[in-house]
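One is the number of the first residue; the rest follow in order along the sequence.
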Amino acid sequence: MQYAPSAASPPWRFRLIALTLLSLLVVVVVLVRAATARMRDTTARAQLLRELGRLDDQQAAWDARHGTFAGQLGTTENDTTLAFTPTPGVDLRFEAAIPGGWSAIVTTDRLRAAPRQCGIYRGPPAAAPHRALIAPGQVVCW
């Protein structure tokens, strides 16, 4: 005995096409989310690099005026303090423990993937805060 196909159930071909299209949609969504996350990380990392470049430029100007680097950062400038305010969302750690040198490390909570922090130094190699920094003035992320 042969049964008549049910009117409520679509044919198997339709189900196969629907599952294939649904699978393709899921793959596209995953790829778009990954690309968006990568773009967000790239933008945040570029912000860190700009921040370090801005600090390096201001320290170079300070060195040209005073003959030495600023010993500390603050909101107002005086004889030893460079007026520098990091961009909101950027955490800046500045050190000037080495005579004639300084270093800075920046991080942000916007980064999802490594590298998550970047740094720069000027002066003697002992001022470098991380082994990835091999040349003065070179911005490196690790």
Checklist entry - Hey, are the side chains of L55 and L73 touching, using non-hydrogen atoms and a 4.5 Å cut-off? => result yes
Rounded to the nearest 0.5 Å, what's the gap from [atom1] on [X] to [atom2] on [Y]? Could you check?
X	Y	atom1	atom2	result
L52	I120	CG	CD1	6.0 Å
T20	L25	OG1	CG	12.5 Å
R38	T36	CZ	OG1	12.5 Å
H130	C141	NE2	SG	11.0 Å
T43	M39	OG1	CE	6.0 Å

Looking at every heavy atom in both [X] and [Y], which two are closest together, and how far apart are they?
X	Y	value
L82	E77	CD1-OE1, 4.1 Å
R116	L48	O-CD1, 4.4 Å
L111	A44	CD2-CB, 3.7 Å
D109	R112	O-NH1, 3.6 Å

Checklist entry - Got a sec, which residues hit side-chain hydrogen bond (donor to acceptor under 3.5 Å, both in side chains) with R54, two or more places apart in sequence or on another chain? => result E51
Checklist entry - With sequence neighbours left out, what residues match R45 under salt bridge (Lys or Arg N to Asp or Glu O under 4.0 Å)? => result none
Next on the checklist: Heavy-atom count check: over 12 atoms from other residues, nucleotides or ligands less than 6.0 Å from R33 CZ?
Outcome noted: no
Next on the checklist: So for atom CG, which belongs to D79, do other residues, nucleotides or ligands contribute more than 12 heavy atoms lying within a distance under 6.0 Å?
Outcome noted: no
Next on the checklist: Taking side-chain contact (heavy atoms from CB on, under 4.5 Å) as the criterion, tell me which of V32, L31, V26 meets it with V28.
Outcome noted: V32
Could you give the side-chain donor-acceptor pairs of residues 91-106 under 3.5 Å, partners two or more places apart or in another chain?
unit_1 : atom_1 : unit_2 : atom_2 : d
R93    : NE     : E95    : OE2    : 3.4
S103   : OG     : A127   : O      : 3.4

Are [X] and [Y] grouped together when hydrophobic residues (ILVMFWY) are joined by side-chain heavy atoms under 4.5 angstrom apart?
X	Y	result
L49	V140	no
L133	F69	no
Y121	W62	no

Item to check | T80 backbone acceptor or donor facing Q72 side chain under 3.5 Å | outcome: no
Next on the checklist: Test your reading of the model: is there a side-chain donor-acceptor pair from T108 to the backbone of G89, 3.5 Å cut-off?
Outcome noted: yes
